[in-house]
Amino acid sequence: MSGEDLTALGLVEVAARIRDGALTSVDVTRSALEAARREQARLNCFLEIDAEGALRAAAAADVARERGAALGPLHGVPLAHKDMFDVAGGAVRYGSKVRGVHRPASTATVIERLAAAGAIRLGALNMAEFALGATGHNAAWGDCCNAVDPAFVAGGSSSGSGAAVAARAAYGSLGSDTGGSIRIPAACNGVVGIKPTYGRVPRSGAMRLAPSVDHIGPVARRVVDAARLLRVIAGHDPRDTASSRLPVPDYEAETHRDIAGLRIGVPRNYFYAVATDEIRSLMESSLAALEREGARLVEVDVPEVDGMAELSRAIVYAEATALHGAWLRQRPLDYTPQVRVRASTGIGIPSSVYLESLLLRMPLLERFVGSVFARCDVLHAPTLPIPVPRRDETDVGGGAALRSILSRLVHNTAPFNYLGLPVIAVPAGRTRNGLPASAQLAGRPFAEGLLLRVAAAHERAFAQA
């Protein structure tokens, strides 16, 4: 094993080798920490690296294995997560300096589940302040940069999750997605990101942005790795009344199934409305890859989607402003300018508009599912309709230019938050600027297994091309 780059291994592979005794968790964790320190200097993807705690936990994991203890599916594997999940006695900042360093008394359910599965926590990852940003800019703690080229945006708000996983500084990560905040950084950095069905993963102990559309999900380098993470964190939690009681399938098993005969929907409307020619061409290659795996392409009309991003926006900003109301009144200047503008936007949203946006969601979801998924099994679209932008093109203050950029970045992602449907973002080639492109696959409620199956086939087809 001398000279082997342990950070190049996938999550599932490294877990198997730790379980078999071919690797120790201490060696794997040391390699991850070295990568984290190196990439932190280049990308600013961490807000905290807990080397001492990680190595202590890794040593305990190795002792447990030597003693023949029962081992979980993530035993000894180093992960790092967006700085929005409570860890009892630990520090959490929510990507901001408004609250200082908060030390919660309890731990987020998803972090408890990862720990019970044997995962090692490396530290906390950078994020947009209070998750209010789609680019990775953070004036409070410094911008998180793109892992492929730091001159470009990392995406947001789970910017550190996308960058750290792509840079091999962690084997996987958890982020949150309220308008695209898992899928956008996954797309920008060329990794896999899943926004599960609303309620599939509990959010207790996680920072709230807009509870009606907040989702938590994994970021990983490979589809099978994301599947394992999702299976660990999914499932009902009595602390989150919105969490589903449906049983959690074996997502990992789904990634080994073929997709022969499955119908892939290609939208005729909306999802290509602002797409560049370059993105259109890459999506054609992505669809061709699925055809090579045996899938069948069908064109579909997507009903009533044009206004969904605005309906989602009304909910997000109304709820965010309500949650931030006291801080905005008491200490507005502690917010960075862009975030203060966005956190205050809900003041201008009438309560009737907010309530109507909530009431329309279920009938629109029923019509969307009944129309689209009668014609196809999975809907395919670009994650980002534009190439990944540069950081200096997107740090434009809090005015109209910012709103224009944000509207393009979330154009294809926000409707699925409004509907609460499951979506996975997968790498789909490179644009001329050398940055990743990404396709997203959407399905019926709780169809994560099917999406992982199709995403894994897409990954195989690209690997063989």
Side-chain angles (χ1 to χ4, degrees), residues 40 43-48 81-85 91-103 123-146 150-164 175-182 184-185 188 206-210 214 313 316-349 388-410 414:
Q40 175 62 10
L43 305 176
N44 193 35
C45 49
F46 281 83
L47 293 185
E48 173 197 12
H81 310 296
K82 188 175 185 177
D83 182 38
M84 56 166 280
F85 298 103
V92 60
R93 291 146 290 255
Y94 312 133
S96 178
K97 293 190 175 179
V98 170
R99 294 193 63 186
V101 175
H102 173 54
R103 296 193 179 275
L125 295 171
N126 203 348
M127 59 181 284
E129 183 179 3
F130 288 119
L132 282 163
T135 61
H137 288 94
N138 186 317
W141 294 96
D143 298 348
C144 179
C145 304
N146 190 289
F152 289 78
V153 302
S157 61
S158 308
S159 47
S161 297
S176 66
D177 195 314
T178 303
S181 290
I182 288 171
I184 293 170
C188 289
M207 187 206 79
R208 296 179 299 165
L209 173 57
D214 286 343
R313 180 179 177 273
V316 170
Y317 285 128
E319 293 186 358
T321 298
L323 290 169
H324 285 262
W327 295 337
L328 285 166
R329 289 190 296 271
Q330 295 163 8
R331 45 199 304 187
L333 298 182
D334 288 346
Y335 287 82
T336 56
Q338 284 189 20
V339 175
R340 183 170 65 249
V341 168
R342 298 194 72 198
S344 304
T345 300
I347 294 170
I349 297 174
V388 178
R390 294 178 58 89
R391 289 170 54 224
D392 58 8
E393 296 171 337
T394 52
D395 189 16
V396 291
L402 173 65
R403 289 193 293 274
S404 174
I405 289 168
L406 291 176
S407 69
R408 282 177 285 165
L409 288 175
V410 305

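Keep in mind that what you see is a predicted model, and the values were worked out from it rather than measured.
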(request) Tell me, please, which residues at least two apart from Arg390 pass salt bridge (charged side-chain N to carboxylate O under 4.0 Å, His left out). (result) Asp392
(request) Using distance alone, with no hydrogens and no angle criterion, decide if Lys82 and Ser158 have a side-chain donor and acceptor under 3.5 Å apart. (result) yes
(message) As an exercise, state the distance from CG of Asn126 to CG of Asp143, rounded to the nearest 0.5 Å.
(response) 8.0 Å
(message) What's the separation between atom CE in Met127 and atom CG in Asp83, rounded to the nearest 0.5 Å?
(response) 6.5 Å
(message) Quick check: closest heavy atoms across Ala91 and Val101, and the distance to 0.1 Å?
(response) CB-CG1, 3.2 Å
(message) side chain to side chain contact (heavy atoms under 4.5 Å, CB included), that's the test. Do Lys97 and Trp141 meet it? Break it down for me.
(response) CA-CA 8 Å; Lys97 293 190 175 179; Trp141 294 96; 3.8 Å; yes
(request) Please check if the side chain of Thr345 supplies one atom and the backbone of Arg342 the other of a donor-acceptor pair under 3.5 Å. (result) yes
(message) Quick test of your reading of the model: are Glu48 and Arg93 salt-bridged, counting only N-O distances below 4.0 Å?
(response) yes
(message) Less than 4.5 Å apart, side chain to side chain, heavy atoms only: is that true for Cys188 and Ile184?
(response) yes
(request) Could you tell me the separation between the NE2 atom of His324 and the CZ atom of Arg340, rounded to the nearest 0.5 Å? (result) 13.5 Å
(request) Measure the shortest side-chain to side-chain distance between Met84 and Ser176 over non-hydrogen atoms and say whether it is less than 4.5 angstrom. (result) yes
(request) State, to 0.1 Å, how close Asn138 and Gly95 come at their nearest heavy-atom pair, and which atoms those are. (result) ND2-O, 2.9 Å
(message) Please give me the minimum heavy-atom distance between Ala139 and Thr336, naming the atom from each residue.
(response) CB-CG2, 3.5 Å
(request) Identify the two heavy atoms, one from Gly175 and one from Phe85, that lie closest to each other, and give their separation to 0.1 Å. (result) O-CZ, 4.1 Å
(request) Using atom types as modelled and distance alone, determine if a side-chain donor or acceptor of Asp334 lies under 3.5 Å from a backbone N or O of Ser96. (result) no
(message) Tell me whether Asn44 contacts the main-chain N or O of Gln40 through its side chain, where contact means a donor paired with an acceptor under 3.5 Å.
(response) no
(message) I need the minimum non-hydrogen distance between Cys144 and Ala163, along with the two atoms involved.
(response) SG-CB, 3.8 Å
(message) Rounded at 0.5 Å granularity, tell me how far OG in Ser157 sits from CZ in Phe130.
(response) 12.5 Å
(request) Please round to the nearest 0.5 Å and tell me the distance separating atom CZ of Phe152 and atom OG1 of Thr394. (result) 10.5 Å
(message) Could you measure the distance from the CG atom of Leu328 to the CG atom of Leu323? Nearest 0.5 Å is fine.
(response) 10.5 Å
(request) Give a yes or no on whether the backbone of Val153 and the side-chain of Asn146 come within a donor-acceptor separation of less than 3.5 Å. (result) yes
(message) Closer than 3.5 angstrom, by distance alone: can the side chain of His137 be matched with the main-chain N or O of Arg391 as a donor-acceptor pair?
(response) yes
(message) Minimum heavy-atom separation for Trp327 and Arg99, please, with both atom names.
(response) CH2-CD, 3.1 Å
